[in-house]
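Reading through the structure tokens given below for one structure.
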Amino acid sequence: MSQTTHLLNRTQAHPHTASADTSRTYATRLLRAEVPIEVVAELLGHASPQTTAEIYSHLNVEDHRRVLLSAGIIRDGASVR
């Protein structure tokens with residue numbers, strides 16, 4: 001286990017359950033907190049960071065869309081400016 005992973009396990013609320021929902025929530029929160037994808041991949045037991053990137057690639061799109069909606073730049077996917 002890497003030093004970074006060990007530190008995260010000690011400082012983060014690490015779920016000790018096999019629940020897929022809990023794992024997704026945990027990974028999502030880590031990625032939104034800008035934890036390196038390599039660390040998240042290791043925590044989740046993924047074979048590579050590429051696997052993690054493919055599974056969670058929707059986060060960037062969803063996060064950007066939420067920001068644009070809240071700023072009034074888009075509405076229901078259409079531009080308002």
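In what follows, every heavy atom counts, from backbone to side chain, and hydrogens, waters and symmetry copies are set aside.
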With rounding to the nearest 0.5 angstrom, report the [atom1] to [atom2] distance, [X] to [Y].
X	Y	atom1	atom2	value
Leu44	Tyr26	CG	OH	7.5 Å
Arg66	Asp63	CZ	CG	4.5 Å
Tyr56	His46	OH	NE2	5.5 Å
Glu42	Ser48	CD	OG	12.5 Å
Thr28	Glu62	OG1	CD	8.5 Å
Thr52	Ile37	OG1	CD1	5.5 Å

### Query
Which pair of heavy atoms, one from Arg75 and one from Leu69, lies closest together, and at what distance?
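In this case the closest contact between Arg75 and Leu69 is CA-CD2, 3.9 Å.
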### Message
Looking at Arg32, I want to see if its CZ is surrounded by more than 12 non-hydrogen atoms of other residues, nucleotides or ligands under 6.0 Å.
### Response
yes
### Message
Quick one: does any side-chain atom of Thr25 pair with a main-chain N or O of Asp21 as donor and acceptor, under 3.5 Å?
### Response
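Answer holds: yes.
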